[in-house]
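Structure first, commentary second.
As the structure lists them, so they are numbered: ligands from 1, and atoms in each ligand from 1.
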Amino acid sequence: MRAARGPSDVGELRVDAARLHSRLAELGEIGSTGDGGCARLALTDEDRAGRDLVVTWMRDLGLDVRVDGIGNVVAVRPGREPGPPVMCGSHIDTVATGGVFDGNLGVLAGLEVLETLERAGRSTRRPIAVAFFTDEEGSRFSPDMLGSLVYAGGMAAEEAYDLVGIDGKRLGDELARIGYLGTTPCPGEAPYAYVELHIEQGPVLEHHGDVIGAVTGVQGISWQEVTFEGQFNHAGTTPMSYRHDAGYAAAAVAVAARQIAEELGGHQVATVGALEVRPGLVNVVAGRARCTVDLRNIDEEVLEEAERRMAAEIDRLAGSEGLTVARRGLARFEPVAFDGRVVDLVEATAREHGHRVRRLPSGAGHDAQMLARMCPAGMVFVPSVGGVSHNPAERTLPEHVEAGANVLLDVLCRLADEDPAS
Ligand code: HGY
Ligand code: MN
Ligand code: MN
């Protein structure tokens, strides 16, 4: 695939940054947590409201808006020629402590690119589409990147419908309830290429003074839920040697996660994000405890070693404390490398725009890793202030938002206009 400047050279064409910031703020008000962040867990009423707002903007722009069987929304601007679109996008569902940029930036910048082209009367050879995918976060319904996984054919929609959320709700029922059980078939049409603009959510770009990240790939991810069953007992009368304390074991898993990450070093990260003990009372030995374990690494072999060490520690804790243990896999995706020529195009375009650019892997999961199963895919990162994300304080400087959106504009148009692969 060669990146050529076609008849619709965007040249000096630039996005309307004020319009983009205004939409980021307006979407961020939906599910606002009052502290600068927003909470729109997948398929909740807040998610529906966010979806409705973005779909309205898409329809107002005259895009052909389609909703598929897992609630993914794809909006297409026609090209001069028919054929698979160059696709951009991301997600608009958030975590409970979400910021206003995670996912939303990629969707709204993609919409902004199409509005900029439309207002400039600029055509492209191929169609360009902007999409938002269902349940990218995976916080309510795991695995994460669920909608794009189904779009790419990695899971049947019918299987996804039966997933049960952390609140006991069935995914298919929630999708229908919010009115986004669409009719466009899954898997979706393979795009010509896919490029996602996203905040880095980490400290690397800011630390090095870079403005654009040419993302090389996404690290592997392993999520599981661990439930220990012990014996409820009296906190005062039960000698330590008599206890079967599930709460102690779950807390020890959190300590073990940190130790395993420190022992393996490098890119290894480990998180116990959820930890619940029952009955959760000061004077009762916890007879039941549930925790989640999130392990990630860009190296699949090291990630598997981390999984082995965690499994061994869980078994040891259950044995020594006299507990039963149940494990449930929540997500498992191997590391993904993005298409080298898309990475090159992002890097070259950023340089042409005069920005310091760095190649780096993504620590977070993204829809792009699923689209990479069906077409050449890549990502454009912009810096996160303080490297903070999944936090109401999540922030990207306005000039970096604008820089990322303009690089996205140029990359999308070059892909949309390049000569057919020879
Ligand atoms: O967990 C993740 O990497 C992403 O936020 N879904
Ligand atoms: Mn995201
Ligand atoms: Mn996220």
Salt-bridge contact R126-E418 (side-chain N to carboxylate O under 4.0 Å) | no

Would one find an N, O or S atom of H390, in either backbone or side chain, under 2.8 Å from the Mn ion (ligand 3)?
-> yes

By number and element, which atoms of ligand 1 are closer than 4.0 Å to a non-hydrogen atom of A364?
-> 3 (O)

Identify, by atom number and element, the atoms of ligand 1 in contact range of D144, meaning under 4.0 Å from any of its heavy atoms.
-> 1 (O), 2 (C), 6 (N)

Counting N and O atoms only, with roles assigned by atom type, does the side chain of R40 sit under 3.5 Å from a partner on the main chain of L27, one being a donor and the other an acceptor?
-> yes

R288 to F228 six-membered ring, cation-pi geometry met (6.0 Å, 45°) = no

Look at the side chain of R51 and the backbone N and O of V73, then say whether any donor-acceptor pair between them is shorter than 3.5 Å.
-> no

What is the closest protein heavy atom to atom 6 (N) of ligand 1, and at what distance does it sit?
-> E136 OE2, 3.1 Å

Are any of the side-chain nitrogens in D344 or R359 under 4.0 Å away from the carboxylate oxygens of its partner?
-> yes

Who's closest to atom 3 (O) of ligand 1 heavy-atom-wise, of H390, H198, R296, M145?
-> R296

Taking 4.0 angstrom as the limit, do R23 and E115 come out as a salt bridge?
-> yes

Examine distances only and state if a side-chain atom of T184 and a backbone atom of R66 form a donor-acceptor pair shorter than 3.5 Å.
-> no

Of all the N, O or S atoms in D102, which one sits nearest to the Mn ion (ligand 3)?
-> OD2

Any N or O of G365 that comes nearer than 3.5 Å to an N or O of ligand 1?
-> yes

T271 side chain to G273 main-chain N or O, any donor-acceptor pair under 3.5 Å?
-> no

May I ask whether H366 places a heavy atom under 4.0 Å from ligand 1?
-> no

Heteroatom of H198 nearest to the Mn ion (ligand 2) (N, O or S, atom name) | NE2

Applying a 4.0 Å heavy-atom criterion (strictly less than), which segment of F333 is in contact with ligand 1: side chain, backbone, both, or neither?
-> neither

What atoms of ligand 1 come closer than 4.0 angstrom to any heavy atom of W223?
-> 1 (O)

Identity and distance of the protein heavy atom lying nearest atom 5 (O) of ligand 1 = E137 OE1, 2.8 Å

Where the side chain of S384 meets the backbone of Q201, is there a donor-acceptor pair that is under 3.5 Å apart?
-> yes

Taking the N/O/S atoms of E137 one by one, which is nearest to the Mn ion (ligand 3)?
-> OE2

